[in-house]
Amino acid sequence: MEKVEEVFLDTTIQIDRYYTLKQDKEKINKELENKTLISSSYVLGEFVAAFIADAILFHKTLSDEASATPMEALIRFSTIASNRPRSYNRIHKLLSNIGADINNKEKVKLRLEMFIENLFIERFKSLDIYINETGCVRANPQIKKNGNLYELDHGCSQRKKPKCDIKAFLELNHNEVADIISNKEPKDIAENLNEISAGKKQPVGRACWGIGDAVIALEMPDEKVVLYTTNEKDYKPICKSINKNYFNPIKNKNK
């Protein structure tokens, strides 16, 4: 691959450049040095609905009197999120990088509140270029504190029918969408795109979230921009379909 000057950061990299193992953070940030960093409102929307939503749920668990310590809260959280292993993994990463005494409940709680209220999104937007072609409403969440707990409303669901630009974005990129559908991989994303293209589904709520990796790959401005991700499983067939490149800075692997 030619020397990369511009990189598009997906949700996994936007999490892991701050909240993962030290050695992996160092690999990622070394690869990002002296490059033009690009991401989007759609990626931020995914980040909000996953990472910030999990942090808010963990804050609720930590605030419960039944959680005497952050570690006890983590054990309880693993039960609450037993069917969502990614959620547990994200919170484990966050606690490892919280910047507070991990045994001090109040210090961890205060630090977590600082992250929820501004630092998560502030760090996310440490970019050179921020794309907003989809107008994703989840990128502008309503985070409210009700008493001692937080409530998150990201504004996107089948019921609420958000005013975003995802339908126009997919229509604008209809040739590439057709290529992904034709390639039939990843199967669930290709099937969702096919149903949306056929008008059987509207691209809102879960129907939109289910095509997220395809949307992010389509957002890359041109073939010279490389997608940085740790999610090779889904992006490999998508990028192959639309002739774009991806790179995993932790494994130092590209295609």
Side-chain angles (χ1 to χ4, degrees), residues 1 7-16 38-51 53 83-87 89-90 131-139 154 156-162 164-248 250-251 253-255:
M1 186 183 294
V7 299
F8 193 101
L9 311 183
D10 88 324
T11 314
T12 64
I13 295 298
Q14 283 287 52
I15 292 172
D16 286 352
I38 307 169
S39 199
S40 71
S41 60
Y42 195 92
V43 177
L44 177 53
E46 279 200 344
F47 181 89
V48 167
F51 205 70
N83 62 336
R84 305 198 310 271
R86 288 185 180 180
S87 294
N89 184 46
R90 285 190 284 260
I131 294 173
N132 188 31
E133 291 186 1
T134 63
C136 182
V137 299
R138 295 194 296 176
H154 55 58
C156 181
S157 68
Q158 288 283 344
R159 180 176 55 84
K160 289 187 176 182
K161 297 291 190 295
C164 67
D165 301 318
I166 186 64
K167 187 174 181 179
F169 175 81
L170 293 174
E171 290 172 353
L172 181 66
N173 294 279
H174 63 92
N175 288 335
E176 290 82 0
V177 168
D179 289 338
I180 296 170
I181 293 171
S182 178
N183 196 37
K184 298 181 180 180
E185 287 188 78
K187 183 180 178 182
D188 55 340
I189 292 176
E191 288 177 351
N192 280 324
L193 278 172
N194 191 40
E195 291 189 333
I196 290 169
S197 296
K200 296 178 181 179
K201 286 182 179 179
Q202 290 300 309
V204 295
R206 293 188 182 279
C208 181
W209 313 342
I211 60 169
D213 293 335
V215 173
I216 291 168
L218 290 168
E219 284 184 307
M220 286 192 289
D222 57 53
E223 66 278 0
K224 292 181 181 179
V225 178
V226 176
L227 176 70
Y228 274 37
T229 180
T230 62
N231 179 17
E232 296 174 61
K233 178 177 70 71
D234 290 325
Y235 282 115
K236 182 177 180 179
I238 293 171
C239 288
K240 182 179 179 181
S241 295
I242 60 177
N243 195 31
K244 291 185 178 179
N245 296 306
Y246 69 87
F247 178 76
N248 183 338
I250 293 178
K251 291 184 178 179
K253 182 178 180 181
N254 61 261
K255 184 67 177 177

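Note that this is a predicted model, so its numbers are computed, not measured.
Minimum heavy-atom separation, Glu232 to Pro237: O-CD, 4.4 Å. The nearest pair of heavy atoms linking Gln14 to Phe47 is O-CE1, 4.2 Å. Across all non-hydrogen atoms, the minimal contact from Ile189 to Ala214 is CG2-CB, 3.8 Å. For the residue pair Ser41 and Ala139, the shortest heavy atom distance occurs at O-CB, 3.4 Å.
Not counting sequence neighbours, the partners of Tyr235 by the side chain to side chain donor-acceptor pair (under 3.5 Å) test are Asp213. Residues that satisfy the side chain to side chain donor-acceptor pair (under 3.5 Å) test with Ser40, not counting sequence neighbours, are Glu219. Listed by chain and residue number, Arg90 satisfy the side-chain contact (heavy atoms from CB on, under 4.5 Å) test with Arg86 (two or more places apart in sequence, or in another chain). Asn194 pairs by the side chain to side chain donor-acceptor pair (under 3.5 Å) definition with nothing, not counting sequence neighbours. Considering only residues two or more places apart in sequence or on other chains, Asp16 meets the salt bridge (charged side-chain N to carboxylate O under 4.0 Å, His left out) condition with Lys93. The side-chain contact (heavy atoms from CB on, under 4.5 Å) test applied to Lys161 returns Gln158, Val204, not counting sequence neighbours. Under the side chain to side chain donor-acceptor pair (under 3.5 Å) criterion, Ser39 pairs with no residue at all, not counting sequence neighbours. For Asn83, there are no side-chain contact (heavy atoms from CB on, under 4.5 Å) partners, not counting sequence neighbours.
Within the structure, the side-chain hydrogen bond (donor to acceptor under 3.5 Å, both in side chains) test picks out the following pairs touching residues 170-190 (sequence neighbours left out): Asn183-Ser241. The salt bridge (Lys or Arg N to Asp or Glu O under 4.0 Å) analysis of residues 189-203, with sequence neighbours excluded, yields the pairs Glu195-Lys201. Legend: ring pair (Phe, Tyr, Trp, His ring centres under 6.0 Å) pairs involving residues 215-234, not counting sequence neighbours, sorted by first then second residue: Tyr228-Phe247. Pairs engaging residues 203-226 under the ring pair (Phe, Tyr, Trp, His ring centres under 6.0 Å) rule: His154-Trp209 [sequence neighbours left out].
For the atom pair CG of Asp10 and CE of Met220, the computed distance is 10.0 Å after rounding to the nearest 0.5 Å. Atom SG of residue Cys208 and atom NZ of residue Lys167 lie 13.0 Å apart, to the nearest 0.5 angstrom. For the atom pair OG (Ser197) and CD1 (Ile180), the distance works out to 9.5 Å, reported to the nearest 0.5 Å. Taking CG of Leu227 as the start and OG1 of Thr12 as the end, the distance is 8.0 Å to the nearest 0.5 Å. To the nearest 0.5 angstrom, Lys244 atom NZ is 11.0 Å from Ile238 atom CD1. Taking SG of Cys164 as the start and OH of Tyr42 as the end, the distance is 9.0 Å to the nearest 0.5 Å.
Proximity of Val43 to Leu9: side-chain heavy atoms (C-beta onward) are nowhere separated by under 4.5 Å. Put simply, the side chain of Val177 does not reach to within 4.5 Å of the side chain of Ile211, judged on heavy atoms. Phe8 is listed as a side-chain neighbour of Ile216, based on a closest heavy-atom distance under 4.5 Å.
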Open item on the list: Go through it in stages, so that I can follow the logic: the residues are Ile166 and Cys136, the test is side-chain contact (heavy atoms from CB on, under 4.5 Å), and I'd like the CA-CA distance, side-chain angles, deciding distance and then a yes or no.
Closed with: CA-CA 7 Å; Ile166 186 64; Cys136 182; over 6 Å; no
